[in-house]
Amino acid sequence: MNKVLPFITLSLMAYTASAFQKAETMEEAKAKAGKDGIVIVTYADGWDKYSKKTALNMLKNESVKKALGDAVVLQLGVPNVSSKEDHEANSERFGKIDLSFPDSYPAFLFYDKTGYRLADLCVKFEECKKPKAFARRVKKVMESIDKQVGLLSKADAASGLEQARLLGQASLIPGLRKPQDVGRRIQNADPDDKTGMRRIATMNLYDVAVGVADTKDWEASLADMKQLLKNPNLTKDQQQQACCICIGLLRRHGGLARKAELKKMIDQLEEIDPDTLLGQSAKDARRLWIKELTLAEGWSPDVIPSDTTPVEVAGDIPMKSAGTYSVTFTYTSGNHAAKITAVELYDGKNKVAEDRHVGTTGHKSSNNTYTLNVPSALKNPRLLVTFDMGNDRISNGVITVEKK
């Protein structure tokens, strides 16, 4: 017997086992589909010469083939402008499934075996010549789908609160859309939402964000979002969305009195997942919204509170040795003169010196220098300034510290 033949046969069997199936219509795909579902590979047809080529190259790549498993694959070219004939042809091929546009082309659209859309995976520009990198993302989606299918199967065999928990878990898998009709199914299994899964599974945080944008009771909305963040069932995406709602409320309504809280929430947004777009946006939020009163940059409308809450000067304070120091405020620009009522110096939590009097600095200045007598060396000097400007805070200026 030829020893090569069994080897070839085994190789072909292994290849066939990992090769995706093909179909021309959704009806054919549904008839063939198993646990790996259906994938529509869609690309820009005729208006991006690289899109179709990239999509077909992905389908030819062995890593991508392996990642797709036994999924049934269809192809769909999308013209720049779809005619009535195009719509009719697609309706005949695909029926009434969701064919809404992905974020970019080419893209792999993942469906379950009934034709319900679960996920979109757009080929990144840097992946065009690195199909193995794209294959890793395909594999991750397929594993997520397999996990969701498994949870839904267990839910079908369960009832009551256990069924609600399983359905909720199936709806919270990162990267996948919620299973079809999951909210109604959870409600039927757990009418009083004792598991808390119905709220999480049906929650649309985008709608929540729109609803609280101009709310009058913003602190109640903030407390609700903070409580939601404690729910261990939230996905990372939901956690970051809830963080963003908190950040928006604090940014619009919190003022300088809540700046530390705003900074903490921005830090939390980044810590949840620094690699997502929301996680990456934390750096910009911190740069744009967490303004500090510093000796180097002085004051600006962003660091002056509307009330008389003392503002701590950030950064190194050059007042560590004993002696007499002068702190001078000098206006540089803006519609309003700055009004200062107190300057306080602390060593850690202990106040060591203060000068309380009303000083102003604008086009004309009066009593705008504050004197602090430091009796002994300081380990951790902290300088606090009290402004009293109400809503007239369009003012910029510099702060100088000198030892006499």
Side-chain angles (χ1 to χ4, degrees), residues 213-216 218-219 222 244 246-267 269 281-319 324-346 351 353-374 381-404:
D214 297 313
T215 182
K216 293 181 179 178
W218 70 273
E219 291 200 80
L222 179 66
C244 286
C246 293
I247 290 167
L249 288 168
L250 288 165
R251 168 65 181 164
R252 283 190 295 273
H253 306 289
L256 284 178
R258 306 292 284 271
K259 185 168 68 175
E261 191 176 350
L262 173 62
K263 183 179 183 302
K264 184 178 179 181
M265 196 58 66
I266 293 173
D267 291 343
L269 172 66
S281 73
K283 292 182 177 63
D284 288 330
R286 201 177 288 114
R287 175 176 57 83
L288 295 170
W289 295 341
I290 308 298
K291 300 292 186 181
E292 304 275 20
L293 176 64
T294 66
L295 295 178
E297 296 183 5
W299 73 88
S300 67
D302 291 321
V303 302
I304 303 172
S306 57
D307 58 14
T308 55
T309 302
V311 182
E312 183 168 354
V313 179
D316 184 57
I317 306 300
M319 305 173 77
T324 300
Y325 294 84
S326 64
V327 182
T328 302
F329 297 80
T330 306
Y331 163 92
T332 57
S333 65
N335 296 339
H336 305 123
K339 180 181 176 183
I340 303 99
T341 59
V343 175
E344 302 166 89
L345 181 64
Y346 285 76
K351 186 187 292 188
E354 68 177 6
D355 184 350
R356 293 183 176 275
H357 70 260
V358 176
T360 60
T361 176
H363 294 298
K364 293 182 180 180
S365 296
S366 174
N367 298 319
N368 56 315
T369 295
Y370 291 74
T371 302
L372 299 172
N373 296 309
V374 181
R382 297 171 53 229
L383 191 65
L384 276 72
V385 178
T386 302
F387 294 91
D388 186 7
M389 298 173 64
N391 291 321
D392 298 331
R393 294 176 287 118
I394 305 176
S395 180
N396 300 276
V398 295
I399 306 172
T400 54
V401 175
E402 295 180 346
K403 189 175 184 181
K404 294 183 178 180

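Here the structure is a predicted model, which means the values were calculated and not measured.
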Query raised in the report: Does the side chain of Val385 come within less than 4.5 Å of Val327's, by heavy atoms?
Result: no

Query - side-chain contact (heavy atoms from CB on, under 4.5 Å) partner of Phe329, the single match among Val398, Thr360, Val343, Thr400 - result: Val343

Query raised in the report: Any idea which heavy atoms bring Pro318 and Tyr325 closest together, and the distance?
Result: O-CE2, 3.5 Å

Report summary line: In terms of heavy-atom contacts, Lys339 and Val358 come closest through CE-CG1, 3.8 Å

Query raised in the report: Which pair of non-hydrogen atoms, one from Asp355 and one from Thr369, has the smallest distance, and what is that distance?
Result: OD2-O, 4.4 Å

Report summary line: Closest non-hydrogen contact found for Ala353 with Leu372 is C-CD2, 3.9 Å

Query - Nearest non-hydrogen partners of Ala337 and Met389, listed with the distance - result: O-CE, 3.3 Å

Query - Check: Ser281 and Leu269 side chains under 4.5 Å, non-hydrogen atoms - result: yes

Query raised in the report: Is any side-chain N of the basic residue among Lys264 and Asp267 closer than 4.0 Å to the acidic one's carboxylate O?
Result: no

Report task. Heavy atoms only: give me the nearest Tyr331-His336 pair and the separation to one decimal. Result -> CE1-O, 3.7 Å

Requested in this report: Sequence neighbours left out, what passes side-chain hydrogen bond (donor to acceptor under 3.5 Å, both in side chains) with Ser333? Give chain and number order.
Outcome: Asn396

Query - Backbone N/O of Pro301 and side chain of Lys291: donor-acceptor pair under 3.5 Å - result: no

Query raised in the report: Does Ser395 use its side chain to pair, donor to acceptor, with the backbone of Gly334 at less than 3.5 Å?
Result: no

**Report entry** CD on Glu402 to OG1 on Thr371, rounded to 0.5 Å
**Finding:** 11.0 Å

Query raised in the report: Does a side-chain N-to-carboxylate-O contact under 4.0 Å join Glu344 and Arg356?
Result: yes

Query - Flag if over 12 foreign heavy atoms under 6.0 Å of CH2, Trp218 - result: yes

Report task. Hey, could you give me the CZ/CE distance between Arg251 and Met265, rounded to the nearest 0.5 Å? Result -> 15.5 Å

**Report entry** Candidate list Ile266, Leu250, Ile247, test side-chain contact (heavy atoms from CB on, under 4.5 Å), partner Glu261, passing option
**Finding:** Leu250

**Report entry** Glu354 atom CD, over 12 foreign heavy atoms within 6.0 Å
**Finding:** yes

Report summary line: The reported gap from NZ in Lys259 to CG in Asp302 (rounded to nearest 0.5 angstrom) is 9.0 Å

Query - Spatial distance of atom CZ (Phe387) from atom OG1 (Thr341) [nearest 0.5 Å] - result: 9.5 Å

Query raised in the report: Can you tell me how far the CG atom of Asn367 sits from the OG1 atom of Thr361, to the nearest 0.5 Å?
Result: 11.5 Å

Requested in this report: Rounded to the nearest 0.5 Å, what's the gap from OH on Tyr370 to OG1 on Thr328? Could you check?
Outcome: 10.5 Å

Query raised in the report: Cut-off 3.5 Å, side chains only: do Asn373 and Thr324 have a donor facing an acceptor?
Result: yes

Query raised in the report: Does any non-hydrogen side-chain atom of Val374 lie less than 4.5 Å from one of Pro381?
Result: no

